[in-house]
Amino acid sequence: MPLHVLSEGPGSQIPTHLTRVSISLIVPRTDYSDNTVKGKVVHKGPLVSLAEDKYILKTVIQEEDSQPNSSSQNPSINMVLLGALAKDFSQTVNQGDTVVATGFTVGKSPTAHKDLLHPCNLLLSGDPACLYVSRPSPPVDSRSPLRVKRSTTLSGESSRAAKSAKVSYVGLGELKPGSVVNVYGVVTFFKQPFKSRGTDFCTSLKITDQSNQRIGCTVFREKLEEHPKIFQIGDIIRMHRVKTHFFNDSITLVNTFGFSVVTFDGCVGKAMAPRPSSRTFQFDPEDQRTVEELRSWAASQSLLPPVPTIPLSDVTPKAYFDLTCQLLAKAPIDTTCTLLRVWDGTRCPHSLLKVLVEPNTTEGPSSFSPDREKLLANILVYDNHVEYARRLKPGDFLRIYNLRAIPGSSKVPGLTSSQSEQAECLAFHLHGGTAYGRGIRVLPGNSPDVQELKRVLESFPQVDELNDSELLDVWCTPPESPDAKAIECSTVCVSERSCSHAVQPETLCEVKLCAPGRSHHVRVQLRSYQPLRLHQALRLYCTRCKTMQDVPDDEYVSSLFSGASRDPSPCSPPAWALSGRVDVPGDAPNRAMSVHLSTQLLSEGKTKQLLFLKGSTLEETCRLATGFQNIVPVMSSEGHMTLMDLSAPFLFRGRKRYYGCPRCSKASVKEPCSEGVELIDEKIIAEALGVKLLQVVLTMKLELQDATDTLDVYLWRHAESFFSVSAEDVASNQEAQNRIRQTMDSLCPQGGSTDRPWLDLCLTSCRAEDEEQNQTCFQICHSTITKLLTARSDPQPA
DNA sequence: GCTTAGGGTTTG
């Protein structure tokens, strides 16, 4: 799945046997394996991660030099890249670059009615897919960091290619021991990579050429993807930098430093479609000629197996065969055996073994319709293949090599006796070991064999396979990235950023992939939020100990006050206080409130500025708070006057209530120093009382969404500027509460309306300290709601 | 770090 950055403009490294097809001429269900499409990247979508190592990226390319009379506008087409190619494209290609695509398939564009682009899209996936990229005008000496990085990690092959040295190949009949050579050959035997006793995987193969020498080769590579992609005997392989050894009276080849390998289909007339195992490789017309020569020579030698693989319908008992199929489900049987449930769209004429598995151990559907069940084959894979089977996913297209159809009742692990007595049924076994090339390979989704298989499978109704185009349809439904012109739904943006960073907008998917500690700009919609009850969004925060606590509800506070008001125990007021007693009319007998005033304030004529109040209920306190600027509720404790428990407000100022931090306060009733102070506020009182004042903060958790992902973010430190309202006002003022309520209703309409406005937000990320390991926490900052959309327009009188 | 494997007459 390579991506090539061309150094000398397009054309220099693109295989010459391919012919270019105009974008306007692309039609569905046609084989374009011998064609290229060329266009300028006019839109580059975000890299979307569907699963680990499974990427998808959508881009739009536009033909620049189409026929003048073909259309008034140059044709554009959606191009969908899957897998590693998507990731490479995301990192390497920029808008404005020109790309040549090869090895693509053509599908129906699910977004054609919305984006009004080409009715088809180009799908680039798997091995045949290849992109050649050229920059508008590459600066001579200023290589991008990426280029530099690439060139340092390139294999020997490509660094030589950069120096444009001609690669020479040695015929298999001319090999001398003890040299490093480049060779071409036709594969006559191969094993899929298997784990060696050393550190690497090992591919063992045998090749031949016109010399008729059979040369054994061994490839050691740590990574599976760097192994030769051999699908069947007869494939043509090109290896660079293999070392010749003498072993058992013949020359063998082993990879050495700078090794690279490319394979090709070995059939005359098939598409060239190189299958490289390195990120870059060179392929010129001479290579093409060599492959074609080997193909026709091999055909004359009948080196290709007459029938490469056989369908289930042609399986005969006792035979060993290769099967090309799709995996629908799998289940472990025991530690040495795994069941693969596969189909190839044909029905085996023999009755097939049924295998019972433990419930809930099946990956993929655990049962199928009776009609589908008739087409399924149960394959038992053993020993070393169990490990490989673990990597397989339902939906994968597989080739299973040297599969055995065992007739009769066979003992199968996990079977009940009644099943094992099934007479004359076939069981498919992939025996342990790698002899005879036994193994499993995942075939790339758009390899010709898989394309053929897909055509067969698609003719069946209710296909449960993982369907890329369905996936795309789902993925393409919401609008794409912020810069995409194709935002179809609401385009109203109701917020703006006030930060000073110049970071480019990113998708949520991209944001999630970033390490914490950065700022991000996103354009998103609000999917949901918590808490739905606004009063729960208000919390109390201590700037000293950094703890956050809920605002106690009225019922609780009320119970604290009533408890204290019923306490008849006397207390001696402090010496500085002027105390008085008020009987509460109409209440239970003996209940009285006591009020205490600061003598100093009294002397300054500020009588109404502060009142210490004992024995009042919450309701009475609130009522009195309208007449006094500050009311501090107090109670008796062991004969002394103390503040109430700090879980209750320690101060009432009008409608506002103030709380102290229970951890950081050392509270005691003291006379505030009011000298030179015009107005006594909560800070002066808190300080006098030794109370660490808690800050009312507004916190919400918002679930954001865009076309690529969803993301939970917190609104806290910048919540007040976000809503243009102070948390303190929200805590005490109905109007401020209404404002938030309306804002949230507008961003996230109740009843699940999808027409949600867009928000331009600035996010910062940090590593969460007390959460589970490695969690990143996102916070909205420097962002303000600028307009509200109300569904019901309230007519304003002129 | 420089080994690993070097087909093969086919278990369940």
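Below, all heavy atoms of this structure are taken into account, side chains as well, without hydrogens, waters or symmetry copies. Every chain is numbered from 1 and lettered A, B, ... according to where its sequence line falls, protein lines coming before strand lines.
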**Student:** OP1 or OP2 of B:dT10 versus the side-chain N and O atoms of A:Arg438: is any pair under 4.0 Å?
**Tutor:**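 Checking B:dT10 against A:Arg438, no side-chain N or O comes under 4.0 Å of OP1 or OP2.
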**Student:** Nearest to the side chain of A:Phe257 - B:dG12, B:dG7, B:dC2?
**Tutor:** B:dC2
**Student:** Taking the side chain of A:Tyr436 as its heavy atoms from C-beta onward, which of B:dT3, B:dG12, B:dT9 lies nearest to it?
**Tutor:** B:dT9
**Student:** Show me the donor-acceptor pairs within less than 3.5 Å that the side chains of residues 262-277 of chain A make with the rest of the protein, sequence neighbours left out.
**Tutor:**
unit_1   : atom_1 : unit_2   : atom_2 : d
A:Thr263 : OG1    : A:Lys229 : O      : 2.7
A:Thr263 : OG1    : A:Arg275 : NE     : 3.1
A:Asp265 : OD1    : A:Cys267 : N      : 2.8
A:Arg275 : NE     : A:Lys229 : O      : 3.0
A:Arg275 : NH2    : A:Lys229 : O      : 3.2
A:Arg275 : NH2    : A:Asp235 : OD2    : 2.6
A:Ser277 : OG     : A:His227 : O      : 2.8

**Student:** Would you classify A:Gly437 as touching base, sugar-phosphate or nothing, given that sugar-phosphate means primed atoms plus P, OP1 and OP2, and contacts are heavy atoms under 4.0 Å?
**Tutor:** nothing
**Student:** If you look at every strand shown and take non-hydrogen atoms under 4.0 Å, does A:Arg404 touch a base, only sugar-phosphate, or nothing?
**Tutor:** nothing
**Student:** Is it true that A:Asp284 and A:Lys166 have a side-chain N and a carboxylate O under 4.0 angstrom from each other?
**Tutor:** yes
**Student:** Among B:dT3, B:dG8, B:dA5, find the nucleotide with the atom closest to the side chain of A:Ser196.
**Tutor:** B:dA5
**Student:** May I have the distance from A:Asp383 (atom CG) to B:dT11 (atom P), rounded to whole angstrom?
**Tutor:**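 One finds 11 Å between P of B:dT11 and CG of A:Asp383, rounded.
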**Student:** To the nearest 0.5 Å, tell me how far A:Leu253 CG sits from A:Ile215 CD1.
**Tutor:** 6.0 Å
**Student:** To the nearest angstrom, how far is A:Leu353 atom CG from B:dG12 atom C1'?
**Tutor:** 12 Å
**Student:** Verify the stacking flag for A:Tyr382 against B:dT11: centroid separation must be under 5.5 angstrom and the ring planes must differ by under 30 degrees.
**Tutor:**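 It does not: the ring fails the test against the base of B:dT11.
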**Student:** Considering only side-chain heavy atoms of A:Asn402, which listed nucleotide, B:dT10, B:dG6, B:dT4, is closest?
**Tutor:**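 My answer, after comparing the listed nucleotides, is B:dT10.
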**Student:** Could you tell me the separation between the CG atom of A:Leu175 and the P atom of B:dG6, rounded to a whole number of Å?
**Tutor:** 20 Å
**Student:** Do any of residues 186-195 of chain A sit with a heavy atom less than 4.0 Å from DNA chain B, and if so which?
**Tutor:** A:Phe189, A:Lys191, A:Phe194
**Student:** Are A:Arg455 and A:Glu458 close enough for a salt bridge, meaning some N to O gap below 4.0 Å?
**Tutor:**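 A salt bridge is absent here (no side-chain N lies under 4.0 Å from a carboxylate O).
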**Student:** Is there a side-chain contact between A:Thr309 and A:Arg399, using heavy atoms and a 4.5 Å cut-off?
**Tutor:** yes
**Student:** How close or far is atom P of B:dT10 from atom CG of A:Asp322, stated in whole angstroms?
**Tutor:**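 Result: 17 Å.
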**Student:** Check this for me: does any side-chain nitrogen of one of A:Glu292 and A:Arg289 sit under 4.0 Å from a carboxylate oxygen of the other?
**Tutor:**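 No, no charged N to carboxylate O under 4.0 Å.
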**Student:** Without decimals, in angstroms, what is the distance between A:Asn255 CG and B:dT3 P?
**Tutor:** 13 Å
**Student:** Touch check for A:Asn248, heavy atoms < 4.0 angstrom, all strands: base, sugar-phosphate only, or nothing?
**Tutor:**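 If one applies the 4.0 Å heavy-atom cut-off, A:Asn248 turns out to touch nothing in the nucleic acid.
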**Student:** State whether the number of non-hydrogen atoms from other residues, nucleotides or ligands found under 6.0 Å of A:Asn360 atom CG is greater than 12.
**Tutor:**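 No, CG of A:Asn360 has 12 or fewer neighbouring heavy atoms, counting only those of other groups under 6.0 Å.
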**Student:** Examine the side chains of A:Asp31 and A:Ser33 and answer whether a donor and an acceptor come within less than 3.5 Å of each other.
**Tutor:**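 Yes, A:Ser33 and A:Asp31 have a side-chain donor paired with an acceptor closer than 3.5 Å.
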**Student:** What is the ring orientation for A:Phe321 with A:Phe428, classed by angle as parallel under 30°, tilted 30 to 60°, or perpendicular over 60°?
**Tutor:**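 The arrangement is perpendicular - the two ring planes meet at more than 60°.
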**Student:** The side chain of A:Lys206 is closest to which nucleotide in this list: B:dG7, B:dT4, B:dG12?
**Tutor:**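 In terms of side-chain proximity for A:Lys206, the closest of B:dG7, B:dT4, B:dG12 is B:dG7.
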**Student:** Roughly how far, to the nearest 0.5 Å, is NE2 of A:His429 from OH of A:Tyr382?
**Tutor:**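 One finds 4.5 Å between OH of A:Tyr382 and NE2 of A:His429.
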**Student:** On DNA chain B, does the nearest nucleotide to A:Phe247 precede the nearest nucleotide to A:Tyr320 from the 5' side, or the other way round? Give the residue.
**Tutor:** A:Phe247
**Student:** In whole angstrom, give the distance that lies between atom NE2 of A:His431 and atom C1' of B:dG7.
**Tutor:** 17 Å
**Student:** Using whole Å, report how far CG of A:Leu380 lies from P of B:dT10.
**Tutor:**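 Between P of B:dT10 and CG of A:Leu380: 21 Å.
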**Student:** Measure CZ/A:Phe428 against P/B:dT11 and give the value in whole Å, please.
**Tutor:** 19 Å
**Student:** For DNA chain B, find the residues of residues 210-226 of chain A with a heavy-atom distance under 4.0 Å and give them by number; none if there aren't any.
**Tutor:**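 Contacting residues: A:Thr218, A:Phe220.
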